[in-house]
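Presented below is the structure to which this report refers.
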Amino acid sequence: MQNTKAYSAASSTSPLAPTVISRRDVTQHDVQIEILFCGICHSDLHMARNEWSSVMQTVYPCVPGHEIVGRVVKVGSAVSKFKAGDLAAVGCLVDSDRSCPSCQAGLEQFCPSQVWTYGGVDKHLGGVTHGGYSESIVVDEHFVLHVPTHLDLAATAPLLCAGITTYSPLRHWGVGAGKKVGIVGIGGLGHMGVKFAHAMGAHTVVFTTSPGKAEDAKRLGADEVVISRDANSMQKHASSFDFILDTVSAEHDINAYIHLLARDGNMTLVGAPEKPLPLSSFALLMGRRSVSGSPIGGIAETQEMLDFCGQNNITSDVEVIAIQQVNEAYDRLLKQDVKYRFSIDMASLKSE
Ligand code: NAP
Ligand code: ZN
């Protein structure tokens, strides 16, 4: 066992603060990574504040962080994919049973025994797993990804959650040329959704509550921008979308978007607001429309997404911060004051 510096929340109401946590020693199939950057996902905030308590209780202390990039410092004797010195990345999953039908299909995100990067059951040390707001992490190589070497590392970290969570449903629902696609909410996930939908060749429409993001949305790849609080602008798009991806983190009216779907159109929710969202059956049945959800993505698809980003020079738009600014960053996230993802420079943790 080894100690590593980290930032953790001690309770749902405490700010994150410096701490020391344990990491297991590297076993046969493990890779130890010195963490260079870790993105701040809105899920980190939901978890640190126990906002998903109706579905899962946060166990404290909680060390968030599942958008991890870094450098390999040590590998186990049976590791074949990585060597010391390589760049490496870890997303939301660090283990699964590897044998269930979902794992066999490369869809580890649906494994009943999946282990989340933080807040999961730690089979090695007991207690719960701890995430990327830390100096280093030890992960089985199956769950470690290769990073395209020419991409900016701070801007690559958010791909590990915001990237795969938007890439996966866009692929699943066949987004591409000739399709009209809506992206709702331009935060960490949404801005990646816009970049991917555009790169996949779709006619991409952004829905935002923030008029100040309209110009950026076009730069990110949107063909059209709709200020969603304006009912007239919304109405102009009635019954016209093949697919809508909803990334909103808070309560909002999803029926207003379902009405914008064409016949047989689908809206996929990736945002995970604290409370259930009311659903109008009329909005659905009038166009045989459907609503579904999607969690992150499997390991093979996460690598596919990283390779796609490498080929198309896609990264996240980031504001790089020191770990000491993490509580301020959480407050700003709630005010929609980030363009478009905070990425923590983990070198800042060394001074703690
Ligand atoms: P974020 O950066 O805070 O972005 C959320 C965006 O939602 C905001 O930028 C804002 O966009 C919009 N929004 C916020 N409050 C709103 C409100 N009251 N009404 C309407 N729109 C509002 O968050 P994120 O990191 O992208 O995460 C988004 C959600 O996805 C979170 O709930 C997170 O937990 C969840 N998530 C799910 C998965 C998954 O696997 N499914 C993975 C990661 C995250 P505008 O300013 O453009 O309106
Ligand atoms: Zn996330």
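Atoms within each ligand, like the ligands themselves, are counted from 1 in listed order. Computed from a prediction, not measured in an experiment: that's the story for all the values here.
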**Item:** Sole candidate of Arg24, Lys74, Arg23 that passes salt bridge (charged side-chain N to carboxylate O under 4.0 Å, His left out) when paired with Asp30
**Value:**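 Among the candidates, only Arg24 passes.
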
**Message:** Given a threshold of 2.8 Å, state how many protein N/O/S atoms are nearer than that to the Zn ion (ligand 2).
**Reply:** 3

**Request:** List the steps and the verdict of side chain to side chain contact (heavy atoms under 4.5 Å, CB included) for Thr4 and His130.
**Result:** CA-CA 11 Å; Thr4 179; His130 292 310; over 6 Å; no

**Asked** Can you tell me how far NZ of Lys339 sits from CD1 of Ile186, rounded to the nearest 0.5 angstrom?
**Response**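 NZ of Lys339 is found 11.5 Å from CD1 of Ile186.
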
**Request:** Please name all residues satisfying side chain to side chain donor-acceptor pair (under 3.5 Å) with Asp307, sequence neighbours left out, ordered by chain then number.
**Result:** Gln303

**Request:** State whether Phe196 and Arg171 meet the cation-pi test: NZ (Lys) or CZ (Arg) under 6.0 Å from the six-membered ring centroid, and within 45° of the perpendicular axis.
**Result:** no

**Item:** For ligand 1, the residues whose heavy atoms come within less than 4.0 Å (ordered by chain, then number)
**Value:** Cys41, His42, Ser43, His46, Trp52, Cys161, Thr165, Gly185, Ile186, Gly187, Gly188, Leu189, Thr208, Thr209, Ser210, Lys213, Thr247, Val248, Ser249, Ala250, Glu251, Val270, Gly271, Ala272, Ser294, Pro295, Ile296, Leu333, Gln336, Arg341

**Message:** Show every ring pair (Phe, Tyr, Trp, His ring centres under 6.0 Å) that has at least one partner inside residues 257-279, sequence neighbours left out.
**Reply:** Phe207-Tyr257

**Request:** Among Val128, Val121, Thr129, find the residue that satisfies the side-chain contact (heavy atoms from CB on, under 4.5 Å) test when tested with Val115.
**Result:** Thr129

**Item:** pair Leu277-Ile254: side-chain heavy atoms closer than 4.5 Å
**Value:** yes

**Message:** Could you tell me if the side chain of Leu279 sits less than 4.5 Å from the side chain of Val291, heavy atoms only?
**Reply:**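 Val291 vs Leu279: side chains touch.
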
